[in-house]
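Reminder, nothing fancy here: chain letters follow the sequence lines and each chain counts from 1.
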2 protein chains.
Amino acid sequence: MSKMNNSQTRLDEILAKLRQRDFRITPQRIAILKAFIQSQNHPSIEQVYEDVKVNFPTTSLATVYKTVNLLKEIGEILEISFAGGGNRYDGNRPYSHPHLICTQCNKIIDPQVSLLDQMTAEVAKATGYRIDSHQVQFLGVCPSCQKK
Amino acid sequence: MSKMNNSQTRLDEILAKLRQRDFRITPQRIAILKAFIQSQNHPSIEQVYEDVKVNFPTTSLATVYKTVNLLKEIGEILEISFAGGGNRYDGNRPYSHPHLICTQCNKIIDPQVSLLDQMTAEVAKATGYRIDSHQVQFLGVCPSCQKK
DNA sequence: ATACATGCAAAACATTTGCATAAGA
DNA sequence: TCTTATGCAAATGTTTTGCATGTAT
């Protein structure tokens, strides 16, 4: 199962969902979706905009924002907010999951965190809150930046 | 040890740190500090501004922002960012710690999370990152809002 | 007395909105 | 054809900045 096939599958899934909900498939939306799906680097709005403009120079920033909001509403994109950085987005895994952010090169990766469910349960039990989602960010320095 | 004594102690600590670093103690800074320290509710900038204006009506929003930046720089205030909400601040525990946010009434509390250190160590070991801090937010509905 | 802080207004950003036009269904 | 999406520009909201004045030290 190649990366390209995964990307194509994911794109088709989202397009199907848009059709199903009577949203229109436009070249701009396809280009924006591709930018999100092909980026493994949790891009910012601005990065997606620059990326889309390469192949579709007339696209406006407003359309990128509108599309991002649409994708958030249908649950196909995850917004990552953290103190000290602008918003970033994950179009590949649009459900709550932890991120590990290098504060020097701004790279973001998705670590495996086996204790997270247990931790969430602990908090829910201790406080009586119903917990719907979480936002877990670790900030640090990646191996490559540590060498510099 | 009463709450008032704790507040006074915390205020004195921060004032000492400001003096030590040759920042000036102004009535506005004291009022802003008190607003942060007395609020148990992780206030927003706007809330602090409104709070300060009650006793000090000439204070400007710019001064609140400048003071917040100063307090962040000297490490005496923690900025809490999360998707779907503006920034909030914690002037009482200015070090990384988890928050539990009610998405209905916007109340924020600080739960005990015993597994967090272990989780952080797990991530550092698995990825090779040096982890300096974390931002852990749980989003849900508090017991009181669940009843409504 | 002399820096530094304040407060105002303007500027800088980020994001949203209104509306005429273009284009997908 | 008919409605929705786009793109522009204006509006909104938030945070920062420049600068003259006030004030802590």
Side-chain angles (χ1 to χ4, degrees), chain A residues 11 14-36 43-74 76-77 79-89 106, chain B residues 11 14-36 43-74 76-77 79-89 106:
Chain A
L11 178 60
I14 301 177
L15 292 179
K17 195 164 185 174
L18 288 172
R19 268 188 218 100
Q20 176 196 322
R21 306 197 179 191
D22 288 326
F23 293 110
R24 291 180 182 170
I25 311 300
T26 64
Q28 290 90 335
R29 284 181 176 170
I30 292 174
I32 292 165
L33 280 171
K34 281 184 177 168
F36 276 118
S44 66
I45 293 272
E46 206 63 35
Q47 284 168 337
V48 170
Y49 177 52
E50 292 306 324
D51 207 8
V52 167
K53 274 205 297 189
V54 172
N55 293 312
F56 217 104
T58 67
T59 307
S60 72
L61 191 51
T63 294
V64 178
Y65 273 106
K66 285 168 186 167
T67 301
V68 165
N69 283 334
L70 174 61
L71 294 172
K72 279 199 289 185
E73 276 159 32
I74 68 170
E76 292 296 340
I77 208 174
E79 191 173 68
I80 307 167
S81 294
F82 52 97
N87 287 347
R88 306 271 293 263
Y89 297 87
N106 290 311
Chain B
L11 178 60
I14 301 176
L15 292 179
K17 194 164 186 176
L18 288 172
R19 269 188 218 101
Q20 176 196 324
R21 305 197 179 192
D22 287 326
F23 293 110
R24 291 182 182 171
I25 311 300
T26 65
Q28 290 89 334
R29 284 179 176 170
I30 293 174
I32 292 165
L33 280 171
K34 281 184 177 168
F36 276 119
S44 65
I45 293 271
E46 205 63 35
Q47 283 168 338
V48 170
Y49 177 53
E50 292 306 324
D51 207 7
V52 168
K53 275 203 298 188
V54 172
N55 292 313
F56 216 103
T58 67
T59 308
S60 72
L61 191 51
T63 294
V64 178
Y65 274 105
K66 285 168 187 166
T67 302
V68 165
N69 284 335
L70 174 62
L71 294 172
K72 279 199 290 183
E73 276 159 32
I74 67 171
E76 291 297 340
I77 209 175
E79 190 174 67
I80 307 167
S81 295
F82 51 97
N87 287 348
R88 306 271 293 263
Y89 296 86
N106 290 312

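- The phosphate of dT16(C) has OP1 or OP2 within less than 4.0 Å of a side-chain N or O from N69(A).
- For the pair Q28(B) and P27(A), both in contact range of DNA chain C, the more 5′-proximal nearest nucleotide belongs to Q28(B).
- Phosphate proximity of dT6(C) to T59(B): absent, as no side-chain N or O sits under 4.0 Å from OP1 or OP2.
- F56(A) places its CZ atom 11 Å from the C1' atom of dA23(C), with the value rounded to the nearest Å.
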Apply side-chain contact (heavy atoms from CB on, under 4.5 Å) to residues L18(B) and I25(B) and explain how you reach the verdict.
CA-CA 7 Å; L18(B) 288 172; I25(B) 311 300; 3.9 Å; yes
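- Nearest-nucleotide mapping onto DNA chain C: of E46(A) and K66(A), the residue sitting toward the 5' end is E46(A).
- Side-chain proximity of I25(A) to dT25(D), dG7(C), dA25(C): nearest is dA25(C).
- Between Y65(B) atom OH and dC13(C) atom C1' the separation is 12 Å, expressed in whole Å.
- I45(A) comes within 4.0 angstrom of nothing in the nucleic acid, heavy atoms only.
- Nearest nucleotide to the side chain of T63(B), out of dT17(C), dC8(C), dT6(C): dT6(C).
- Note on T26(B): every side-chain N or O is 4.0 Å or more away from OP1 and OP2 of dT23(D).
- Position along DNA chain D of the nearest nucleotide to N87(B) versus F23(A) favours F23(A) as the more 5'-ward residue.
- Put simply, R29(A) has a side-chain N or O that comes within less than 4.0 Å of OP1 or OP2 on dA5(D).
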Could you go through the side-chain contact (heavy atoms from CB on, under 4.5 Å) check for F56(A) and I32(A) one step at a time?
CA-CA 10 Å; F56(A) 217 104; I32(A) 292 165; over 6 Å; no
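- You won't find any donor-acceptor pair under 3.5 Å spanning the side chain of R24(B) and the base of dT25(D), going by distance alone.
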